[in-house]
Amino acid sequence: VEQKNSFLKSLPSIVMCKPLETKLDQRESNSLPKLIKKTKSFELKIPINYSEIYHPYFKNKIDHHIPCLFIQHNHSREIIIFFHSNAEDISCITPICNAFSCCLEKNIIAMEFSGYSYHSGKLGSENIKKDSIALIYFLTKVLDFELKNIIVIGRSIGSGPAIFLSSLYTFNSVIVISGFLSIKQIVADRFGLLKFFVNKYFDNEKAIQGNLNKILFIHGKNDEIINYQHSQMLHGYSIEKSKLVLFDDMKHNRFDFMKCVIYPIINFLDEIKTDGNPNDNSKNNFSIINSLFKCRYPISFTEIPPQL
């Protein structure tokens, strides 16, 4: 209770930004269900004092904000953490997060990476890892979400923090889309000897070996950025706890969103339910989420493009 009260007192430092204006690519938008109309989406900044979090990654006191995009689904007690790809930031993923929330019928929060767009921190995998731990702390200690009601999704470079967290916590599930072994291996695949000039930025090959979760790997055989064999190898390291789905016609940034992403995720979550891990029906506390915005800032809406 004291933690929640102290958090609510820090509300002046939580900033409501203007609604994000962006549209899905026409090819992607045409594949989404017509039932998606409009959802509330907020962009908030989470004040985090790392000194309050007991974890080996936090050796020094760091105090900064983590920009996040949050979309609430009123009928869900589960939340998705979405880590975006390298060529994105939270200013352009509102439609895709809306699609995840509506199609999977869950709340969703997307964290900005350190050094990207709104985030004032320095670029680096270690900083992104620290922020991802801080986000878990925020969701579990402040917003009262249980780990078993959290689904982590990471695409492309977002597979780095997703797999990293999968080695620290036991979630409902983890979804990796177009994942990689390491940035160094991607460079090795494409440029050969240049790999010796690159550090192992996000060493997923090592992190996956400590995996605590059931993971779904989705990859396209036609991926021109990250070879699908990366996902095959990651799957091999955790074959007892993971599932691999490959698509012949899926590229890195061009694919049928429903066929290649939503349907495999829905099927995977159904398998988890029948595998003795049903979704929890306990009641999560959304009052704090509502208090961040109720009577404090004007509610702004971000609409899915009309063609949906």
Side-chain angles (χ1 to χ4, degrees), residues 3-4 6-7 10 14 42-73 76-84 90 97 100-101 104 106-114 116 119 121 124-155 157-176 179 202 204 207-208 210-216 241 272 277 279-280 282 284-286 288-289 292:
Q3 285 181 331
K4 294 176 186 176
S6 63
F7 175 76
S10 69
I14 299 177
F42 309 98
E43 184 181 82
L44 59 91
K45 293 187 177 181
I46 304 172
I48 294 292
N49 187 338
Y50 288 112
S51 63
E52 297 177 358
I53 307 174
Y54 177 76
H55 194 278
Y57 264 82
F58 302 102
K59 297 180 181 179
N60 302 313
K61 180 179 179 180
I62 305 173
D63 192 2
H64 66 260
H65 291 80
I66 305 174
C68 292
L69 174 71
F70 173 74
I71 298 172
Q72 183 172 347
H73 191 287
S76 176
R77 299 182 180 94
E78 295 177 300
I79 189 166
I80 296 169
I81 299 174
F82 180 64
F83 295 111
H84 61 71
I90 60 172
C97 287
F100 271 124
S101 179
L104 301 178
K106 302 183 191 303
N107 306 284
I108 186 168
I109 188 167
M111 182 196 86
E112 187 56 282
F113 296 157
S114 182
Y116 283 57
H119 201 306
S125 60
E126 292 303 305
N127 291 332
I128 296 173
K129 289 177 181 178
K130 290 179 180 179
D131 283 353
S132 68
I133 294 174
L135 180 59
I136 298 300
Y137 175 87
F138 174 78
L139 292 177
T140 57
K141 303 299 183 182
V142 178
L143 300 185
D144 288 338
F145 279 99
E146 296 185 57
L147 289 174
K148 61 184 177 182
N149 287 333
I150 296 176
I151 299 171
V152 179
I153 300 178
R155 188 175 93 84
I157 199 171
S159 67
I163 293 177
F164 167 71
L165 290 178
S166 77
S167 67
L168 300 179
Y169 306 97
T170 302
F171 301 108
N172 174 293
S173 57
V174 176
I175 316 295
V176 175
F202 281 127
N204 291 343
I208 195 66
N211 171 50
L212 302 172
N213 296 270
K214 292 189 176 181
I215 303 184
L216 170 63
K241 292 186 175 182
I272 291 177
N277 184 23
N279 290 333
D280 181 62
S282 60
N284 282 322
N285 184 6
F286 288 95
I288 295 180
I289 296 180
L292 298 182

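Residues: numbered from 1 along the sequence shown.
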ask   = Minimum heavy-atom separation for S101 to H73, with atom names?
value = O-CD2, 3.5 Å
note = Shortest non-hydrogen pair, S167 vs A207, comes out as CB-O, 3.6 Å
query = Can you tell me if N107 uses its side chain to pair, donor with acceptor, with the backbone of S76 under 3.5 Å?
reply = yes
query = Where does the angle between the aromatic ring planes of F83 and F113 fall among parallel (under 30°), tilted (30 to 60°) and perpendicular (over 60°)?
reply = parallel
ask   = Going from SG on C68 to CZ on F138, what distance comes out if it is rounded to the nearest 0.5 angstrom?
value = 7.5 Å
note = CD1 of I81 to CG of L139, rounded to nearest 0.5 Å, is 5.0 Å
query = Taking I151 as the fixed residue, which of I79, L104, N213, N172 is the one that meets the side-chain contact (heavy atoms from CB on, under 4.5 Å) rule?
reply = N172
remark   = For V174 and A162 the tightest heavy-atom approach is CG1-O, 4.3 Å
query = Atom OH of Y116 and atom CD1 of I90: how far apart are they, to the nearest 0.5 Å?
reply = 13.0 Å
Residue pair S166, I163: steps toward the side chain to side chain contact (heavy atoms under 4.5 Å, CB included) verdict = CA-CA 5 Å; S166 77; I163 293 177; 4.1 Å; yes
N/O donor-acceptor pair under 3.5 Å between E112 side chain and P67 backbone = no
task = State, yes or no, whether a side-chain contact exists between F202 and P161 at a heavy-atom distance under 4.5 Å.
result = yes
query = How far does OG of S132 sit from CG of N127, to the nearest 0.5 angstrom?
reply = 11.0 Å
inquiry  = Applying side chain to side chain contact (heavy atoms under 4.5 Å, CB included), can you list everything that pairs with L212, at least two apart in sequence or on another chain?
reply    = T170
query = When rounded to the nearest 0.5 angstrom, what distance separates NZ in K106 from CG in N149?
reply = 9.0 Å
Partners passing ring pair (Phe, Tyr, Trp, His ring centres under 6.0 Å) against F82 (at least two apart in sequence or in another chain) = F100
task = Evaluate the side-chain proximity of E78 to K148: yes if any heavy-atom separation is below 4.5 Å, no if none is.
result = no
4.5 Å side-chain heavy-atom contact, D131 and H119 = yes
remark   = Heavy-atom closest pair (G160 atom, N204 atom, distance to 0.1 Å) is CA-OD1, 3.4 Å
ask   = With T140, which residues qualify under side chain to side chain contact (heavy atoms under 4.5 Å, CB included), at least two apart?
value = I136, L147, I150
ask   = Side chains of I175 and I80: closer than 4.5 Å at any heavy-atom pair?
value = no
inquiry  = Just so I know, are the side chains of M111 and I66 near enough to count as touching, which here means a heavy-atom distance under 4.5 Å?
reply    = yes
